[in-house]
Chemist: 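I have a structure I would like to understand better, so I am pasting it below and will then ask my questions one at a time.
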Amino acid sequence: MIKEALSFFPMPQLPLVGLILFAAVFIGVVLWTGRGGAKKLYDRTSRQPLDGE
Amino acid sequence: MKNQESVVETFQYDDDIVRKFTLATIVWGAVAMLVGVFIAFELAYFRLGEGIPWLSFGRLRPLHTNAAIFAFAGNAIFAGIYHSSQRLLKTRLACDRLSRFHFWGWQLIIVSAALTLPFGITQSKEYAELEWPIDIAIAVVWVAFGVNLIWTMVKRREKHLYVALWFYVATFITVAVLHVVNSISLPVSFLKSYPVYAGVTDALVQWWYGHNAVAFFLTTPFLGLMYYYIPKAANRPVYSYRLSVIHFWTLVFIYIWAGPHHLLNTALPDWAQTVGMAFSVMLWIPSWGGMINGILTLRGAWHLLRTDPIIQFLIAAATFYGMSTFEGPLLSIKSVSSLAHYTDWIVGHVHSGALGWNGFLAFGMIYYLVPRLWKTELHNWNWARVHFWVATLGLLLYIISMWAAGITQGLMWQGIDAQGKLLYPDFVQTVVKIVPLYWVRAVGGTLYLGGFVLMIVNVWITIKNSKAENLADTTDRFAPFRRAEALQIPKLEHRTLERMPIVLTVLALTAILIGSFIELFPFITGEHYIENAYSLQSITTKPYTPLQLAGRDIYIKEGCYLCHSQMIRKTVPDVLRYGKASTMEESRYDRPFLWGSKRTGPDLARVGGKYPNLWHYRHFLNPRDVVPQSIMPSYTWLFKNSIDYASLNRKISVQRVLGVPYSEQEENFAGENAKAEAAVLAASLRSESGGQIEDDREVLALIAYLQVLGQMTSQAGGAK
């Protein structure tokens with residue numbers, strides 16, 4: 001089957017690698033945004049649209 | 001403190017460019033919606049525009065989508081990005097000339113779209129229809145926009161980059177990648193080309209592009225705008241800045257994978273379908289995080305929802321964002337897709353996003369911007385309130401009628417009786433049922449357009465009431481972080497800060513390249529694997545004869561693929577109705593692929609041999625002659641226009657370069673061979689009908705093409 005020829009090629013691990021990478025990005029961002037000092041920075045940055053014109 | 005004071009700088013924002021883009025948004029929005037309403041009425045009443053080629057549904061539908069996405073939404077994005085970026089970065093746009101080049105270049109591209117699409121000059125890949133010279137222009141203007149944006153960020157006075165800017169950067173870089181990869185094609189002539197990808201690869205690349213056009217042209221830039229204009233209009237910071245950062249990275253990472261959900265149950269290999277489905281379902285999380293973040297920004301100021309039309313539009317937009325991003329993952333589940341795909345449910349889904357999310361956000365932004373840019377009061381706020389309610393009513397009519405139509409179609413197509421036979425074997429039975437809903441949809445669209453017209457009048461009067469001296473650029477004052485802090489922070493950190501925009505661009509690019517690579521790479525590079533498999537199994541696919549190829553190009557030109565799919569899915573009702581499920585090898589040489597995305601009419605993948613030539617002949621002249629209840633438009637001009645024989649040698653030559661196994665002989669005699677084939681077909685039609693049929697009419701090529709559909713592949717020693 002042609003379908004199988006193609007589905008063999010990409011190696012089933014590849015999408016799995018994608019999922020793991022995503023998990024890593026997600027956990028990374030959650031931790032990074034929760035680091036000490038982020039809160040103060042975020043409070044300040046989030047007011048940026050409001051000051052000035 | 002004194003030190004700080006002394007470095008405060010005074011500068012001016014470029015308001016003129018924002019005014020230009022705002023006006024362009026309004027003008028093109030009117031065009032997009034007008035064409036949309038017109039084609040909605042065409043589906044309700046097939047007589048509309050009858051006999052006029054450039055008014056036919058297949059020709060105008062690409063104009064409608066391109067105008068809505070690239071002209072209306074596009075100009076709105078540029079207006080909002082240029083307005084908010086200057087204020088967030090506390091600097092004027094990097095280069096006034098570049099901004100003007102961007103503006104006029106973009107409008108020229110839109111005008112060339114309007115001058116080509118109605119005349120059937122199209123590549124037929126949805127939302128990427130424009131021919132190659134325009135594609136090149138798009139790439140150039142888009143890069144000008146990106147350079148202008150990132151350069152402005154580098155020049156900024158504000159130290160940190162607010163999250164809206166991240167969304168803008170991701171938009172720029174991703175759309176650039178999508179556009180270039182999907183548009184690669186070989187020209188046949190100045191206004192005709194064939195894509196380098198064929199069949200299943202073309203399908204995957206196209207929907208990787210198509211879905212992410214929604215993601216990175218209609219979602220990320222609008223999210224950036226949402227994160228700026230909702231806080232601005234409500235005068236309070238975003239609900240959770242941390243959430244917005246998480247929203248950004250997860251969304252950018254996940255979205256790029258979701259394309260294959262447009263190809264569920266098709267001949268696309270299963271692993272790619274599964275990946276597309278899994279990541280689409282995961283999109284629920286960041287999308288809802290973003291919606292909640294936008295809406296809760298209003299905390300403590302809910303009363304504005306009752307009084308302020310800007311807030312009404314912006315919050316309704318976020319709500320529709322939530323609704324369509326709930327519906328999207330739902331529709332990406334394979335079993336739901338088998339019911340909903342190809343139906344009008346998808347059309348409803350798209351419009352809850354385009355009209356509810358993009359449209360409402362643009363309106364909120366326009367009502368915010370116009371009084372500020374022309375430095376005067378809006379002529380009438382009550383009209384804006386009326387606009388909101390009329391548009392909401394129109395939109396609800398639209399969405400609900402398309403839900404009803406889509407679910408009706410889906411269920412009727414699937415209906416099977418106790419003997420395992422189709423309950424509605426005649427496709428037209430399922431068409432007749434939904435025509436009343438097409439009327440409701442058309443009325444809904446008209447209401448939405450009506451609200452828009454009210455906004456045009458309102459803005460028009462507002463502008464007329466403004467004075468010339470109001471058009472001076474806005475002045476602002478700010479202390480640039482470089483000078484204020486250069487003495488206090490270490491050199492290294494300082495340099496990193498300056499480079500932040502570039503770092504951000506690279507990170508966003510990496511995030512989208514991961515998914516793109518894993519999904520596309522096996523296909524783009526794996527061609528020899530497939531070819532090997534074909535030859536191992538002695539599967540052969542005949543290339544189209546020159547006449548069939550000419551017919552195929554007419555099929556593309558007329559936009560038949562916008563009402564007809566050519567992809568029998570691996571589902572029981574599809575196979576019962578249309579025959580054996582379509583296979584990859586059947587579209588092996590198809591450039592572009594024509595799997596389609598909607599079935600207003602039946603699937604045509606195996607229509608070859610189903611009817612005699614004369615049936616098709618009469619059907620094109622007037623579908624009602626053979627199918628009394630048909631709503632398909634008549635194609636009378638196919639009986640007047642001559643086949644373009646002259647270009648066929650060149651077409652076959654380009655196909656050969658792309659690897660289609662034509663011989664040199666076939667290339668050199670393509671025109672002659674096509675003429676001979678057409679003459680035979682015309683003679684047989686003459687004897688069957690007893691009428692006058694000339695030898696070179698377009699309808700002959702189209703019939704030749706239809707009659708070969710489903711007949712191209714064979715397998716030695718087995719059934720095809």
Side-chain angles (χ1 to χ4, degrees), chain A, chain B residues 13 84 87-88 90 158 160-164 200 227-229 231-232 235-238 240-246 248-250 253-254 257 267 269-272 274-275 278-279 282 372 474-478 511 514-515 518-519 521-523 526 529-530 532-534 536-537 539 583-585:
Chain A
M1 288 294 290
I2 297 109
K3 234 181 57 204
E4 277 149 23
L6 238 202
S7 38
F8 272 114
F9 173 80
M11 304 173 290
Q13 309 84 297
L14 265 185
L16 198 65
V17 170
L19 273 178
I20 293 170
L21 275 175
F22 169 68
V25 167
F26 183 71
I27 294 169
V29 174
V30 170
L31 291 180
W32 172 251
T33 54
R35 73 192 187 278
K39 187 160 170 23
K40 232 179 91 199
L41 173 68
Y42 290 167
D43 281 347
R44 207 154 17 99
T45 315
S46 73
R47 299 205 62 87
Q48 239 168 255
L50 303 180
D51 49 54
E53 199 257 344
Chain B
Y13 296 128
S84 60
R87 279 134 184 104
L88 285 169
K90 296 283 182 293
E158 180 70 77
H160 295 288
L161 297 173
Y162 181 67
V163 71
V200 65
Y227 278 126
Y228 180 77
Y229 288 105
K232 233 15 206 176
N235 197 25
R236 51 212 340 107
V238 62
S240 161
Y241 193 80
R242 182 183 178 192
L243 183 57
S244 73
V245 174
I246 300 175
F248 175 79
W249 286 113
T250 45
F253 192 93
I254 300 180
W257 297 75
D270 285 339
W271 70 268
T274 310
V275 172
F279 277 88
M282 280 155 64
R372 286 174 173 79
T474 311
T475 303
D476 208 348
R477 289 159 52 75
F478 203 76
I514 292 173
I518 292 180
E519 263 181 17
F521 184 74
F523 287 87
Y529 283 80
I530 313 177
N532 265 347
Y534 287 148
L536 277 177
Q537 296 166 77
I539 289 177
T583 59
M584 275 176 27
E585 58 267 27

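Chain letters run A, B, ... following the sequence lines, proteins first and then strands; every chain starts at 1.
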Chemist: Once rounded to the nearest 0.5 Å, what's the spacing between atom CZ of F22(A) and atom CE of M282(B)?
Modeler: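 Going from the CZ atom of F22(A) to the CE atom of M282(B) covers 4.0 Å.
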Chemist: Using heavy-atom distances under 4.5 Å, tell me whether R372(B) contacts chain A through its side chain, its backbone, both, or neither.
Modeler: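 Contact with chain A involves no heavy atom of R372(B) at all.
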Chemist: Nearest 0.5 Å please: distance from the NE2 atom of H160(B) over to the CD atom of Q48(A).
Modeler: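 If we round to the nearest 0.5 Å, H160(B):NE2 and Q48(A):CD are 8.0 Å apart.
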Chemist: Please flag which part of F253(B) lies under 4.5 Å from any non-hydrogen atom of chain A: side chain, backbone, both or neither.
Modeler: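 Contact with chain A involves the side chain of F253(B) alone.
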Chemist: In terms of heavy-atom proximity below 4.5 Å to chain A, should V275(B) be classed as side chain, backbone, both, or neither?
Modeler: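 Just its side chain gets close to chain A.
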Chemist: What pairs with T474(B) under side-chain hydrogen bond (donor to acceptor under 3.5 Å, both in side chains), at least two apart in sequence or on another chain?
Modeler: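 Expected list: D15(B).
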Chemist: Measuring from atom CH2 of W249(B) to atom CH2 of W32(A), what distance do you get when rounded to the nearest 0.5 angstrom?
Modeler: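 Nearest 0.5 Å value for the CH2-CH2 distance: 11.5 Å.
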Chemist: Which bit of F279(B) is near chain A, if near means a heavy-atom gap under 4.5 Å: side chain, backbone, both or neither?
Modeler: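 For F279(B), the contact with chain A is made by the side chain alone.
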Chemist: I need the single residue from V29(A), V30(A), L31(A) that forms a side chain to side chain contact (heavy atoms under 4.5 Å, CB included) with I27(A). Which is it?
Modeler: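 One option only clears the test, and that one is L31(A).
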Chemist: Pick one of side chain, backbone, both or neither for D476(B), based on which atoms fall under 4.5 Å of a heavy atom in chain A.
Modeler: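 The side chain, not the backbone.
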Chemist: What part of I514(B) gets closer than 4.5 Å to chain A, counting heavy atoms only: side chain, backbone, both or neither?
Modeler: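 When you check distances to chain A, only side chain atoms of I514(B) fall under 4.5 Å.
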Chemist: Under a 4.5 Å heavy-atom cut-off, does chain A meet the side chain of R87(B), its backbone, both or neither?
Modeler: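 Contact with chain A is through the side chain of R87(B) alone.
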Chemist: Return the option, out of F248(B), Y13(B), Y162(B), Y228(B), with the maximum number of heavy-atom pairs under 4.5 Å with chain A.
Modeler: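 Among F248(B), Y13(B), Y162(B), Y228(B), the one with the most close pairs to chain A is Y162(B).
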Chemist: Is the count of non-hydrogen atoms from other residues, nucleotides or ligands lying under 6.0 Å from R47(A) atom CZ greater than 12?
Modeler: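 No, because the 6.0 Å sphere around CZ of R47(A) holds 12 heavy atoms or fewer from other groups.
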Chemist: Going through the distances and angles, do M584(B) and I539(B) end up as a side chain to side chain contact (heavy atoms under 4.5 Å, CB included)?
Modeler: CA-CA 11 Å; M584(B) 275 176 27; I539(B) 289 177; over 6 Å; no
Chemist: How would you list all residue pairs meeting salt bridge (charged side-chain N to carboxylate O under 4.0 Å, His left out) that involve residues 21-42 of chain A, not counting sequence neighbours?
Modeler: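 Matches after skipping sequence neighbours: K39(A)-D43(A).
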Chemist: Name the region of L41(A), side chain, backbone, both or neither, that has any atom closer than 4.5 Å to a heavy atom of chain B.
Modeler: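 Side chain of L41(A) only, per the 4.5 Å heavy-atom cut-off to chain B.
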Chemist: Please identify, among L161(B), V238(B), V245(B), the residue contributing the most non-hydrogen atom pairs under 4.5 Å to chain A.
Modeler: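 The option with the most such pairs is V245(B).
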Chemist: Report the option among V163(B), T250(B), T475(B), N235(B) that has the most heavy-atom pairs separated by less than 4.5 Å from atoms of chain A.
Modeler: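 Winner by heavy-atom pair count: T250(B).
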Chemist: Under 4.5 Å heavy-atom distance to chain A, tell me which part of L243(B) shows up: side chain, backbone, both or neither.
Modeler: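 For L243(B), no heavy atom lies under 4.5 Å from chain A.
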